[in-house]
Amino acid sequence: MRRLCTICARGGSKGIPHKNIRLLCGRPLIAYTIRQALASGLFAEVAVSSDSEAVLEVAASYGAQTLIRRPQALATDAAPKLAAIRHAVEAVEARRDIRYDIVVDLDATAPLRLTSDIREAVQLLERSGAANVITGTPSRRSPYFNMVERASEGGMRLAKPPAQPIYRRQDAPITYDMNASIYVWRREAVLGDAPLMGPGTELYVMPPERSWDIDDETDWAYVAYRMGSSASGAEPG
């Protein structure tokens with residue numbers, strides 16, 4: 001199968017300015033994801049989409065094979081990421097005059113994944129016949145047991161009240177936190193109007209220590225700590 005990897009990295013970030021090219025343990029953040037994609041050996045092409053020339057220049061210096069200049073309308077805080085991924089896929093296919101079978105999007109803000117996570121998520125899609133694969137990690141809080149919300153009639157209630165009372169967290173249905181690390185699609189699924197999750201979606205489970213998505217300075221500090229430890233998982237190369 002012909003596979004395309006997309007990495008969508010805006011120039012702006014409210015939580016951490018210029019996050020995608022800020023140095024993390026000596027390398028720009030986006031560099032870790034590019035190197036993982038290349039090291040996986042899965043992809044005919046690794047494409048980076050950004051509205052920032054600085055991001056694209058850094059991406060090229062770390063081996064990204066195709067640079068996509070993202071329209072400003074797809075680079076705002078409110079713009080859905082799936083639209084940016086579709087734009088990147090269509091741009092690469094038009095430029096190369098080819099069609100890909102599988103599209104894998106890797107989030108630049110999740111550098112603690114392993115290259116084996118990428119390979120196994122893709123294998124899950126290809127052997128299962130799923131339309132797409134998302135990644136997640138077991139939830140630390142359960143909507144059936146200790147995750148609450150404000151009730152419309154006042155007061156608090158469980159976010160997802162169970163049919164029968166649950167007295168131990170271990171007895172609650174298993175739930176997962178999406179970790180925004182790896183998304184795998186068949187071409188027709190990513191370019192169609194299907195939602196991110198549906199009957200054809202499979203889940204690839206990753207451990208908590210590889211499921212950190214950098215959104216603020218606290219996340220940044222944790223990931224830097226993990227990379228500096230022997231259990232880094234960042235595979236800086």
Side-chain angles (χ1 to χ4, degrees), residues 1-13 16-75 79-119 121-122 133 135 179-185 187 190-191 210 213-214 220 223 227 232-237:
M1 289 193 176
R2 188 182 294 272
R3 308 180 191 94
L4 170 68
C5 175
T6 61
I7 301 170
C8 297
R10 294 190 304 129
S13 173
I16 303 176
H18 310 294
K19 173 172 60 179
N20 288 308
I21 55 175
R22 177 173 163 179
L23 294 184
L24 177 66
C25 296
R27 286 198 178 98
L29 176 60
I30 194 173
Y32 293 97
T33 296
I34 295 170
R35 291 167 71 93
Q36 290 163 356
L38 295 171
S40 74
L42 291 172
F43 304 111
E45 196 142 8
V46 175
V48 172
S49 165
S50 183
D51 59 318
S52 165
E53 289 296 328
V55 170
L56 294 175
E57 288 175 8
V58 169
S61 71
Y62 280 91
Q65 294 141 327
T66 302
L67 308 178
I68 305 298
R69 286 163 179 79
R70 195 189 313 181
Q72 196 60 42
L74 297 180
K81 185 180 180 183
L82 189 51
I85 296 169
R86 287 170 176 150
H87 173 267
V89 174
E90 291 168 350
V92 175
E93 289 192 337
R95 189 178 301 180
R96 303 299 189 209
D97 192 26
I98 57 176
R99 287 165 62 100
Y100 291 92
D101 302 299
I102 303 295
V103 175
V104 178
D105 185 76
L106 301 179
D107 201 308
T109 59
L112 293 178
R113 74 174 76 79
L114 300 176
T115 53
S116 60
D117 291 321
I118 303 171
R119 294 189 192 103
V122 171
V133 168
T135 55
N179 63 7
S181 184
I182 307 166
Y183 299 90
V184 188
W185 286 275
R187 180 185 184 276
V190 71
L191 293 183
R210 299 206 301 273
D213 181 42
I214 298 177
W220 188 280
V223 172
M227 286 188 172
S232 161
E235 299 180 311

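Computed from a predicted structure; not experimentally measured.
At distances below 3.5 Å, at least one donor-acceptor pair connects side-chain atoms of Gln36 with backbone N or O atoms of Pro111. Formation of a donor-acceptor pair under 3.5 Å by the Asp51 side chain with backbone atoms of Gly11 is found in this model. Remark: the backbone N or O of Asp107 is paired with a side-chain donor or acceptor of Arg113 at under 3.5 angstrom. Ser40 contributes a side-chain N or O that, together with a main-chain N or O of Ala37, makes up a donor-acceptor pair within less than 3.5 Å.
Partner of Asp105 under the salt bridge (charged side-chain N to carboxylate O under 4.0 Å, His left out) criterion, chosen from Arg86, Lys81, Arg3: Lys81. Each of Leu112, Thr135, Thr109 was compared with Ser181 under the side chain to side chain contact (heavy atoms under 4.5 Å, CB included) criterion, and only Thr135 meets it.
Between Glu93 and Tyr100, the shortest heavy-atom distance links the atoms OE2-N, 2.9 Å. The two residues Val46 and Leu38 have their closest heavy-atom pair at CG2-CD2, 3.8 Å. The two atoms that bring Ala108 and Leu29 nearest to each other are O-CG, 3.4 Å, heavy atoms only. Among all heavy-atom pairs drawn from Ala91 and Ile68, the shortest one is CB-CD1, 3.8 Å. Of all the heavy atoms in Ala9 and Ser50, the pair that sits closest is O-OG, 2.6 Å. The two atoms that bring Gly63 and Ile34 nearest to each other are C-CG2, 4.3 Å, heavy atoms only.
Taken from CZ in Arg187 to CG in Asp101, the straight-line distance is 9.0 Å, to the nearest 0.5 Å. Summarising the geometry, atom CD1 belonging to Ile30 is positioned 9.5 Å from atom SG belonging to Cys8; distances are rounded to the nearest 0.5 Å. How far CD1 of Ile98 is from CD of Glu45: 6.0 Å, rounded to the nearest 0.5 Å. Residue Lys19 holds its NZ atom at 7.5 Å from CD1 of Ile214, rounded to the nearest 0.5 Å. Of the inter-residue distances, the one linking Ile16 atom CD1 with Arg22 atom CZ reads 5.5 Å to the nearest 0.5 angstrom. Here the CG atom belonging to Leu67 is positioned 5.0 Å from the CG atom belonging to Leu56, to the nearest 0.5 angstrom.
Inter-residue side-chain proximity for Leu23 and Pro28 is flagged as met; some heavy-atom pair is nearer than 4.5 Å. Under the 4.5 Å side-chain criterion, counting only non-hydrogen atoms from C-beta, Val48 is not in contact with Tyr62. Between Ile118 and Leu106 there is a side-chain heavy-atom pair separated by less than 4.5 Å. Looking at heavy atoms from C-beta onward, Phe43 lies out of side-chain contact with Gln65 at the 4.5 angstrom threshold.
With a 6.0 Å radius and a threshold of 12 heavy atoms from other residues, nucleotides or ligands, Arg119 has its CZ atom above the threshold.
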Given side-chain contact (heavy atoms from CB on, under 4.5 Å), test Tyr183 with Ile85 step by step and report yes or no.
-> CA-CA 10 Å; Tyr183 299 90; Ile85 296 169; 5.6 Å; no

Please assess Tyr32 against Val223 for the test side-chain contact (heavy atoms from CB on, under 4.5 Å), listing each intermediate value before the final yes or no.
-> CA-CA 12 Å; Tyr32 293 97; Val223 172; over 6 Å; no

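The closest side-chain donor-acceptor pair between Thr115 and Arg35, if any, does not fall under 3.5 angstrom. A side-chain donor-acceptor contact under 3.5 Å links Thr66 and Arg96.
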